[in-house]
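In this chain, residues are counted from 1 in sequence order. Atoms within each ligand, like the ligands themselves, are counted from 1 in listed order.
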Amino acid sequence: MQQIHTSVSIEGMARGTAFFPDRSPECRGGTLSWDEAFAAEKERLGRLAENAADEMKAIFTAHLEMLEDPMLQETVQAHLQEGLGLPQAIDAAADQLAALFHEIDDEYLRARADDIRDVCRGLRRQVEGATPNPFAGMPKDAVIVSEELFPSDTAEMDFSRVRAFVLRRGSRTSHVCIIARSKGIPVLLGIDIDAICAGDPLLIDGAAGELTVWPTPEEEAAFLSRMEQSASETALQLTGPDGNPVRIEGNAGSLEDIPPVLQAGAEGIGLLRTEFIFMESDHLPSDEEQLAIYREAARLCNGKTLTIRTLDIGGDKSLPYLALPVEDNPFLGLRALRYCLRHEEVFKPQLRAILRAGADGAVRIMFPMVTSPEELREAKALLIRCRDELRAEGLPCADTVPAGIMIETPAAVLMAPELAQEAAFFSIGTNDLTQYIMAADRGNPAVAYLNDPMAEAVLRAIGMTVQAAHAAGIPVCICGEMASHPAARLRLAALGVDSISLSSPKTIGQLTHS
Ligand code: PEP
Ligand code: MG
């Protein structure tokens, strides 16, 4: 037995067998020419794009465009002329083009480096005559062990067989990790995978960031009893200090996310992250386009509350069509509400669409990354201006929608008593609150040990926020990932939060059916 630790992981416990997709016997085949491999990969990506929903559809469509971009073929040809074999020429082209993306001074385009590597990897697999699906031979309790995983991998995986991901590279906020979290799959990142062989029995404790290879019977027994305890903690009904149950709500990033969390038992949508809707579009969505989406979201909620968070762009999220300014410290820059207040041409269509969707749905609005009461006042004033304009235009809209704020900055915690006088509710974004309180970038593995929402400083900030909210008679939700951890949930309940909003339908189901 051998234990390996990491500070970058996604919680959850699992037991399974190491499976290396790239070393699977299914992966070995003959050799294809460039034209054959190109045609086969084009067919595969086209099929994936056709069958995928929403965000994944956009990803595969973008991959298809990258594949067909003559620059890729020209780069591969140039390396072939240097004397490289076809697989090596594709690898070299991947490195060269990914490096070009990396140099771009735009977070969004930099992230496209992963996409070009994903496309080239697909091509290389085709050249080697590998099966189009390297996950085809997966055992039924597979722990996927790999250098890294890409979105296209998850489209081809049979998740009923996957117990965990163990990866050398990747960050907690990567696409693959977001998908893993929504499926309740633990992930360990930054692992030296050379220490693992195909078929090794593995134990994964995501919360502890611990991997055990070839566990002894004693280790296995101790692990299984911790697993049971964690499951019963998960199922514990959460009760606040007043004896009232904590409400369970769901997080969503798209329309597709809404039915699973509601069917699992969520009492409403505590956070609809609208930036993903903007990211799926290649232009700024008009108020009519947004209205159609928010109306459909409200219809899916069927009378349950829908909390629409206004655009949280900036930081690590960019939109190609908005030409965001280049900043030295984007997380401390013109992000979220700050950006929207500066850009009414972006903000007003969204406020109008939310007010119009509020005419016939239980819609609330939530402003992200507030730092002062003045910002909240400004946003609310603009909301009223939008309502008056809609009325003047004769368009049906809500008289008002409850306007709440996210508590994500230390300033908002310190100003919570004043903010609570003007906000209809608070929702604590512990992902950001933790990074700003601990001064530890949420995406930087080197400071992941500091990025801990259970740190005393963060817990005190949450306690102060709850006290200020309750003194003013408004409710507090937690919509950050912290609430997905059983031990954290018990602390949050004890601190008096009124609701938690979770991404995982599985956890919501466990909590609401206990
Ligand atoms: C948070 O910061 O906790 C949050 C829910 O918002 P996001 O993760 O989208 O920044
Ligand atoms: Mg946030």
List, ordered by chain and residue number, the protein residues whose closest non-hydrogen atom lies under 4.0 Å from any atom of ligand 1.
L271, R273, R309, D312, K317, R335, M406, E408, G429, T430, N431, D432, R442, C479, G480

Step by step, work out the side chain to side chain contact (heavy atoms under 4.5 Å, CB included) result for E378 and L337.
CA-CA 10 Å; E378 211 184 315; L337 185 60; over 6 Å; no

Sole candidate of R121, R117, R168 that passes side-chain hydrogen bond (donor to acceptor under 3.5 Å, both in side chains) when paired with E148:
R117

Once you measure the plane-to-plane angle for F159 and F165, does it fall in the parallel (<30°), tilted (30-60°) or perpendicular (>60°) bin?
tilted

Using the six-membered ring wherever Trp is involved, compare the ring planes of H63 and F60 and label them parallel, tilted or perpendicular (cut-offs 30° and 60°).
perpendicular

How open is the angle at the Mg ion (ligand 2) from atom OE2 of E408 over to atom OD2 of D432, rounded to 10 degrees?
100°

Whether R387 side chain and T400 backbone form a donor-acceptor pair below 3.5 Å:
no

Results of side chain to side chain contact (heavy atoms under 4.5 Å, CB included) for P475 - residues two or more places apart only:
F425, D498

